[in-house]
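Throughout, protein chains are lettered first and strands after them, A, B, ... in sequence-line order, and every chain is numbered starting at 1. Since this is a predicted model, take the numbers as computed values, not measurements.
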Amino acid sequence: MKLIIAIIQPHKLEELKKELYETQVNLLTVSEVLGHGRQMGVTEVYRGVKETGNLLRKLRVEIAVNDNFVEQTLKAIIKGARSGQTGEIGDGKIFVLPLEECVRIRTGEKGGTAIG
Amino acid sequence: MKLIIAIIQPHKLEELKKELYETQVNLLTVSEVLGHGRQMGVTEVYRGVKETGNLLRKLRVEIAVNDNFVEQTLKAIIKGARSGQTGEIGDGKIFVLPLEECVRIRTGEKGGTAIG
Amino acid sequence: MKLIIAIIQPHKLEELKKELYETQVNLLTVSEVLGHGRQMGVTEVYRGVKETGNLLRKLRVEIAVNDNFVEQTLKAIIKGARSGQTGEIGDGKIFVLPLEECVRIRTGEKGGTAIG
Amino acid sequence: MFKKKKGLLFILLLFLMSFSGTVFAQTNAPVPKIDSGDTAFVLISAGMVLLMTPGLAFFYGGMVRRKNILGMLMQCFIIMCVLSLQWVLYGYSLSFSSGNGFWGDLSWFALKGVGLDPYPTYAATIPHQAFMIFQAMFAIITPALIIGAFAERMKFSAFLIFIILWATFVYDPVAHWMWSDGGWLKKMGALDFAGGTVVHINAGVAALVTALVIGRRKGYDNKPTPPHNLPFTVLGAGLLWFGWFGFNAGSALAANGLAVNAFVTTNTAAAAAGLSWAILEWLHNGKPTIFGTVTGAVAGLVAITPAAGFVNAGSAIIIGLLVSVFCFLMVGIVKPKLGYDDSLDAFGVHGIGGIWGALATGLFASKLVNKDGANGLFYGNPHQFIVQLIAVAITIGYSLVVSYILYKLVDAVFGVRVSEKDEVIGLDLTQHREGAYTLVE
Amino acid sequence: MFKKKKGLLFILLLFLMSFSGTVFAQTNAPVPKIDSGDTAFVLISAGMVLLMTPGLAFFYGGMVRRKNILGMLMQCFIIMCVLSLQWVLYGYSLSFSSGNGFWGDLSWFALKGVGLDPYPTYAATIPHQAFMIFQAMFAIITPALIIGAFAERMKFSAFLIFIILWATFVYDPVAHWMWSDGGWLKKMGALDFAGGTVVHINAGVAALVTALVIGRRKGYDNKPTPPHNLPFTVLGAGLLWFGWFGFNAGSALAANGLAVNAFVTTNTAAAAAGLSWAILEWLHNGKPTIFGTVTGAVAGLVAITPAAGFVNAGSAIIIGLLVSVFCFLMVGIVKPKLGYDDSLDAFGVHGIGGIWGALATGLFASKLVNKDGANGLFYGNPHQFIVQLIAVAITIGYSLVVSYILYKLVDAVFGVRVSEKDEVIGLDLTQHREGAYTLVE
Amino acid sequence: MFKKKKGLLFILLLFLMSFSGTVFAQTNAPVPKIDSGDTAFVLISAGMVLLMTPGLAFFYGGMVRRKNILGMLMQCFIIMCVLSLQWVLYGYSLSFSSGNGFWGDLSWFALKGVGLDPYPTYAATIPHQAFMIFQAMFAIITPALIIGAFAERMKFSAFLIFIILWATFVYDPVAHWMWSDGGWLKKMGALDFAGGTVVHINAGVAALVTALVIGRRKGYDNKPTPPHNLPFTVLGAGLLWFGWFGFNAGSALAANGLAVNAFVTTNTAAAAAGLSWAILEWLHNGKPTIFGTVTGAVAGLVAITPAAGFVNAGSAIIIGLLVSVFCFLMVGIVKPKLGYDDSLDAFGVHGIGGIWGALATGLFASKLVNKDGANGLFYGNPHQFIVQLIAVAITIGYSLVVSYILYKLVDAVFGVRVSEKDEVIGLDLTQHREGAYTLVE
Ligand SMILES: Nc1ncnc2c1ncn2[C@@H]1O[C@H](COP(=O)(O)OP(=O)(O)O)[C@@H](O)[C@H]1O
Ligand SMILES: Nc1ncnc2c1ncn2[C@@H]1O[C@H](COP(=O)(O)OP(=O)(O)O)[C@@H](O)[C@H]1O
Ligand SMILES: Nc1ncnc2c1ncn2[C@@H]1O[C@H](COP(=O)(O)OP(=O)(O)O)[C@@H](O)[C@H]1O
């Protein structure tokens with residue numbers, strides 16, 4: 001099992017979910033984060049003084065999947081989160097971590113069956 | 001060492017903490033997340049138009065523990081986070097990840113001793 | 001590759017970033033969390049009734065790096081996040097997780113090159 | 001089901017057309033002199049009192065958990081809507097028309113005969129409707145005060161019925177006794193300048209009753225849940241302080257010296273009470289809080305309400321300093337001990353504060369301030385204190401009993417409390433299907 | 001580029017000195033009697049109406065996404081700034097000086113001859129400038145109503161130009177027709193007590209036009225985006241309700257019976273409409289919402305605006321109950337079907353509400369309430385209804401055409417809509433380079 | 001330690017009873033004619049000015065970091081409490097009783113002799129206490145303006161002592177010089193309609209002093225920390241604009257032409273300044289911000305304060321346009337260069353704006369507007385400008401010196417600044433043991 005963490009542009013969430021559902025992946029956890037990447041932040045100005053706010057709003061999406069789902073999940077994320085064909089700086093990253101165990105609190109089930 | 005991530009119902013946090021303390025696990029990190037699972041979201045209505053808000057508020061609890069603590073920690077989480085005896089859809093999941101290193105910033109200690 | 005998660009004092013973020021940049025690590029993701037550690041929370045009082053709010057505001061910083069960067073990153077974090085020379089309770093922890101894959105959404109690049 | 005609605009509206013239409021007619025009678029009656037200054041003052045004051053209800057909504061709304069704020073705001077706003085209508089339809093008539101000892105009759109039903117000429121019995125220099133609408137704002141905010149007691153756990157439908165019944169069978173009668181021409185408490189000589197008994201004791205006791213019968217919130221451990229947005233509470237307090245000038249000074253029903261006295265005592269008492277609460281916290285908990293300070297200020301405003309037009313600024317200071325002592329003891333020490341869940345201290349602040357204010361009026365009232373008033377105990381007239389005591393006791397007793405009956409009635413028919421599951425999810429989503437804030441965007 | 005600025009300021013200085021002179025002429029003209037009560041009432045009312053624009057800013061600001069709230073607040077505040085100046089410079093003159101059938105002349109340019117003595121043609125008991133500044137507040141909030149239609153996607157620069165043009169070429173003329181001495185709609189006998197046509201239909205139709213031509217927001221799927229902060233919307237509604245007393249009652253321009261009538265009908269209609277909307281939601285969606293209730297209350301305030309001084313409280317109830325029916329249908333059912341993106345329902349609430357209000361005035365107006373008014377259809381005068389119908393049609397037609405032309409003009413010159421990228425990032429950062437809330441601290 | 005409290009309260013009680021007595025003397029004095037319109041106007045205005053302090057609390061509170069907002073709100077509210085009491089006890093007497101050249105005596109201690117009859121020396125048509133309470137609101141908000149300078153780092157206890165001392169030894173005397181009967185600045189002919197020198201320069205200079213001596217916030221790098229909640233700041237600005245009508249127009253102390261003039265110039269200057277600031281940002285930074293626009297509007301309100309009743313709308317435009325230029329330079333360019341940490345620009349806006357306003361009064365004042373006023377430089381009377389210059393210089397000098405002394409005094413006794421650790425954690429938790437918002441629920 002893997003835990004997939006995707007950092008995406010906030011407005012891409014809907015598309016991302018659409019893509020994921022089409023690949024039968026519809027369990028996920030989302031949170032708001034600030035990201036610092038290659039993308040330049042917008043310079044903010046407060047009372048005439050410039051602030052380089054180089055941290056940008058992103059969404060962090062966590063998806064736990066079974067190994068056989070990893071490939072299609074990655075594809076779906078890229079499809080859903082990329083801006084246009086070519087993509088834009090700031091579209092984000094995907095991190096794949098090994099997941100040793102997964103437990104469904106409700107039933108106590110473990111492993112692959114608990115993930116879904 | 002393992003990093004245990006539990007996605008739970010927000011109102012279960014207090015119980016969860018109680019259970020954890022009883023098993024000598026009292027270091028944790030909590031954040032608010034939105035989850036999409038099997039549980040159906042409440043349909044919200046804005047100005048007469050329905051919105052299926054299928055994302056629900058959950059809490060994400062991160063707990064780093066030494067291997068010999070994993071079992072009892074999982075038990076405690078399940079005990080604290082499950083609704084009633086049978087549990088309810090939406091009670092959430094627990095993910096266990098391998099943790100290679102842990103450092104206490106204050107002292108620079110590493111490994112098992114730093115975790116506590 | 002590793003995913004480094006640091007839980008730090010909120011006001012240390014700027015220093016932390018400074019230190020990281022000096023070691024060529026300048027991609028990171030930050031979020032606000034509540035932490036329960038050894039540090040005692042401030043007792044809050046609402047309408048004369050005491051509340052032991054033992055959860056404290058912390059920042060959670062996620063940094064994905066290639067293996068050869070791990071050491072200096074940890075050093076930088078400790079340098080940037082520690083209070084004074086000796087450090088203080090509450091300065092936080094660093095967790096290092098194995099990272100199996102990293103994908104740049106924009107380009108689809110994978111692995112070490114995608115991380116930066 | 002839209003048909004149903006249409007029918008309903010049609011009936012209303014017919015009914016209201018008749019209503020429309022009713023204004024005829026009066027508008028060509030002889031016209032006593034209207035004073036533009038007094039009218040301006042009372043109208044603006046009425047507007048300021050109206051603003052107090054949104055103010056209260058934020059004062060309360062900031063204290064609850066994030067998942068319940070819309071529930072609080074909604075309860076306040078629907079009260080503004082429903083009771084505004086209740087008042088013009090029959091509430092004003094029940095409260096202020098002569099009627100019998102218990103309450104008024106329906107002779108002023110749908111404002112029949114309540115026109116734009118002064119009605120000297122109540123106010124000689126402003127249109128009768130100006131007096132009516134000013135009073136309307138009191139009828140609105142009073143029930144709104146109660147909702148702090150059963151916050152975060154009451155079913156909206158049940159709440160709505162309860163409030164309408166309460167306004168009709170508790171507020172209207174008590175207002176009649178105290179303020180209507182020939183009301184027996186008034187005849188008895190009880191003093192209540194702007195609503196210490198009618199508004200605050202009345203609502204405060206109802207709050208206590210409902211808090212007791214509806215029971216504690218799930219997981220309530222004798223500690224207030226941390227307010228989800230204290231700045232909102234402070235904003236509400238600011239609007240309340242502002243609106244209260246209309247509430248108290250406006251109750252002079254004219255822009256005269258009495259209004260000025262009420263204005264000054266109101267501001268002074270609020271200040272004294274806010275400071276007093278802060279000092280108590282300082283002594284008792286080591287630090288003063290903004291939450292405590294605004295709570296104290298509101299308690300001071302409550303306490304001065306019945307006295308504003310009868311006492312001087314000096315007495316206002318004492319009334320203010322002491323009200324915080326009483327409320328602080330109740331809210332910070334007694335309540336947690338007893339363990340009932342008056343969630344936002346509607347009784348602890350309005351009940352206790354109102355009782356102290358009504359009694360204090362019996363202590364500090366002075367004919368030097370208001371020759372149409374009376375002297376209190378400290379001005380050599382112990383009798384007045386007894387009278388106030390009686391008025392307080394009666395209001396407490398009546399509100400206690402009837403509020404209880406009405407609650408039980410509504411509970412039997414509709415069931416008052418939300419399911420445990422709904423309480424956990426929160427009132428916003430379960431009662432109104434909307435969320436206050438977006439978490440992720 | 002500071003040089004530029006300096007030059008500009010210098011020219012202004014010269015120009016304005018002349019302006020300064022202009023007040024001379026009038027201040028030693030003969031002085032009719034000023035009534036202090038009426039003056040107090042109109043001034044405070046003006047202040048209350050001014051407060052409505054920040055109120056509107058929060059009413060709207062709470063509904064948009066977090067990344068766009070500052071854009072809404074900014075548009076409202078810059079309107080307060082720019083139109084306050086436009087009004088004292090030439091707007092008031094264009095609207096209220098005699099001029100010609102279409103609009104006024106510049107005889108009152110820079111308040112020339114508009115002094116501190118009453119100008120009996122408009123108000124005999126208050127200084128002319130009091131009338132002027134009271135009207136200024138109407139000129140400010142009207143264009144501000146429009147911004148709800150093109151929320152979250154309009155370029156700030158283009159918006160600013162559009163609003164100034166609109167105020168000059170749409171608001172000022174229509175105000176002239178309806179309210180100026182010898183305005184032809186007024187002559188025709190059309191009734192508009194406080195701005196149903198001039199303010200709400202006018203702005204509502206402009207909103208529809210702009211919403212249609214600017215097009216839907218990126219990713220808009222016929223559903224409102226969840227409001228990022230509903231409490232702000234409720235706060236705004238509270239301030240609007242409060243300010244509306246100044247808006248409607250103040251329009252009596254004196255603290256008299258008429259003002260009281262307007263005050264009472266205003267409160268009553270708002271209450272009826274708020275309740276009505278809540279009931280509709282209850283029937284239609286199973287639960288009433290605070291968002292719906294405040295929307296209804298605002299719709300009620302809109303609908304009663306033209307009628308406030310001509311109808312009685314009974315009619316106000318009907319007007320209020322029905323306006324929510326019409327607006328609810330428009331906002332909750334028709335709009336999603338048609339699929340245009342009137343983002344915050346500026347047309348759905350102000351347009352529809354204003355039309356119903358103006359027509360309802362033709363139905364419920366009664367000389368019993370206001371002898372200087374007229375009887376409506378239900379009081380045996382069908383003619384009045386026709387007149388109202390015509391006034392409505394003309395306002396709609398004019399606002400429709402001219403708003404469209406102005407929009408196209410501005411679009412051609414500046415380009416009205418922000419780039420798709422900017423829309424995605426949000427107006428706060430892209431148009432103003434600031435963020436509303438800190439996410440991490 | 002509750003005993004302590006009880007004793008303290010008892011003493012107060014005794015003391016205040018005497019106070020109570022004092023009102024006797026005056027209430028049966030001969031009664032000059034009270035004008036209801038004027039009284040209504042001044043009372044409502046007083047209420048509006050009271051609302052400015054919560055407004056200011058949010059204006060400031062939105063600018064600070066999340067961990068310090070309650071600290072700001074608390075400082076504003078405790079000032080409302082403490083100074084309301086200070087004023088009725090001795091502040092009013094020190095400021096407005098004849099006394100000596102430096103300040104008043106204690107003849108009006110505890111409102112002795114300050115009754116409900118007019119005191120013609122100050123206002124002939126309203127009760128003396130109405131004038132007193134209206135002035136109270138000025139005494140409240142003035143010290144509150146200062147707190148922006150030492151935001152996020154001052155110990156609450158030290159702050160409280162400092163403010164009381166400052167009100168007593170800086171505000172009261174300066175108010176006495178400028179506004180009291182026979183105050184020497186007034187005698188000298190200095191014009192200050194509603195508080196340019198007494199309020200804004202006075203507070204602004206004290207702000208500069210405290211900012212300099214308390215030192216920069218930890219980690220301050222000559223950049224403002226991003227405001228944690230800009231909408232709150234805008235809300236505050238809206239309430240300030242609204243309340244300022246009471247502040248300036250109310251200062252006419254009657255609902256007359258002068259009040260109308262002050263109302264119009266106030267609105268006009270605020271508008272001009274808001275627009276001017278936005279334009280400056282547009283030229284200087286490429287984009288106008290809402291933060292800048294509301295800052296400008298407030299600066300405009302500050303600048304027009306001393307002039308409101310002496311200049312016409314044309315001059316108000318110039319005053320408004322220019323004040324933003326001066327403040328913008330100070331706040332956006334000079335301050336960052338000098339690197340001192342006037343955290344929320346209390347000096348940059350109120351100090352600079354007040355100075356410009358006071359001088360501008362010497363330029364634009366015209367007897368055509370106010371025959372009891374004077375002509376300024378541009379109306380052929382250079383002398384007036386000199387007088388204004390002197391008044392400004394004296395106010396600056398006095399406030400500078402005494403504020404410094406008081407600060408040092410308090411610092412020596414209590415220590416003014418919080419520990420570095422507390423500053424890092426934030427004032428809400430360390431000074432008040434409460435948090436503004438829940439992070440996780
Ligand atoms: N190595 C990393 N560690 C942690 N977060 C990262 C890393 N690289 C990117 N991110 C996250 O992804 C977001 C997008 O990255 P960015 O570099 O802007 O996109 P791109 O790689 O397409 O240029 C960043 O804002 C940051 O939150
Ligand atoms: N595979 C997964 N990946 C990421 N998050 C998940 C996954 N499965 C569940 N979750 C999280 O757990 C929460 C509860 O899951 P849910 O399916 O509602 O409970 P249950 O499994 O008891 O039905 C979800 O809202 C989501 O946040
Ligand atoms: N074992 C752990 N699991 C999860 N989070 C932890 C753990 N230990 C520490 N933390 C996080 O780190 C923060 C700082 O830890 P704390 O114990 O206060 O510092 P220190 O270790 O220096 O005493 C805590 O508030 C918590 O958020």
Taking C-beta and beyond as the side chain, do [X] and [Y] meet within less than 4.5 Å on heavy atoms?
| X | Y | result |
| --- | --- | --- |
| E/F245 | D/L50 | yes |
| D/T39 | E/N256 | no |
| E/M48 | D/I44 | yes |
| D/L111 | E/N312 | no |
| E/L235 | D/P54 | no |

#### Entry: From CA spacing to verdict: side-chain contact (heavy atoms from CB on, under 4.5 Å), E/L230, D/L70
CA-CA 8 Å; E/L230 263 182; D/L70 296 183; 3.8 Å; yes
Is chain D contacted by the side chain of [X], its backbone, both, or neither, given a heavy-atom distance below 4.5 Å?
| X | value |
| --- | --- |
| E/F291 | both |
| E/T268 | both |
| E/A273 | neither |
| E/N229 | both |
| E/W244 | neither |
| E/K371 | neither |
| E/P227 | backbone |
| E/A272 | both |

Does any backbone or side-chain atom of [X] lie under 4.5 Å from a heavy atom of chain E? Answer side chain, backbone, both or neither.
| X | result |
| --- | --- |
| D/F58 | side chain |
| D/L160 | side chain |
| D/E441 | both |
| D/V49 | neither |
| D/F41 | neither |

Would you check if the side chain of [X] reaches a backbone N or O of [Y] as a donor-acceptor pair within less than 3.5 Å?
| X | Y | answer |
| --- | --- | --- |
| E/R66 | D/L439 | yes |
| D/Q129 | E/V264 | no |
| D/H432 | E/P288 | yes |
| D/R433 | E/G286 | no |

What option among [options] has the most heavy-atom pairs under 4.5 Å with chain E?
| options | result |
| --- | --- |
| D/A255, D/S157, D/C76, D/A57 | D/S157 |
| D/Q75, D/Q431, D/H128 | D/Q431 |
| D/G47, D/G37, D/A136 | D/G47 |
| D/G61, D/P127, D/A436 | D/A436 |

[X] to [Y] - nearest heavy-atom pair and separation:
| X | Y | result |
| --- | --- | --- |
| E/G274 | D/C81 | CA-SG, 3.8 Å |
| D/M74 | E/T289 | CE-O, 3.5 Å |
| E/V260 | D/A130 | CG1-N, 3.4 Å |

### Task
Please step through side-chain contact (heavy atoms from CB on, under 4.5 Å) for the pair E/I317 and D/V88, ending with a clear verdict.
CA-CA 10 Å; E/I317 294 179; D/V88 295; 4.3 Å; yes
### Task
If the plane angle is over 60° it's perpendicular, under 30° parallel, otherwise tilted; pick one for E/F242 and D/F242.
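E/F242 vs D/F242 ring planes: perpendicular.
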So, taking the atom named [atom1] in [X] and the one named [atom2] in [Y], what distance separates them when rounded to the nearest 0.5 Å?
| X | Y | atom1 | atom2 | result |
| --- | --- | --- | --- | --- |
| D/M137 | E/N267 | CE | CG | 4.0 Å |
| E/D35 | D/D35 | CG | CG | 8.0 Å |
| E/I126 | D/S36 | CD1 | OG | 11.5 Å |
| D/L73 | E/T293 | CG | OG1 | 11.0 Å |

#### Entry: Residues E/W282, D/F156; criterion side-chain contact (heavy atoms from CB on, under 4.5 Å); working and verdict
CA-CA 11 Å; E/W282 223 329; D/F156 182 72; 3.6 Å; yes
### Message
Before you tell me yes or no, could you show the steps for D/F77 and E/W241 under side-chain contact (heavy atoms from CB on, under 4.5 Å), namely the whole-Å CA-CA distance, both residues' side-chain angles and the distance that decides it to 0.1 Å?
### Response
CA-CA 11 Å; D/F77 260 79; E/W241 192 326; 4.2 Å; yes
### Task
Mind ranking E/P226, E/P231, E/G238, E/G292 by heavy-atom pairs under 4.5 Å with chain D and telling me who comes out on top?
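Looking at each of E/P226, E/P231, E/G238, E/G292 in turn, E/P231 comes out on top.
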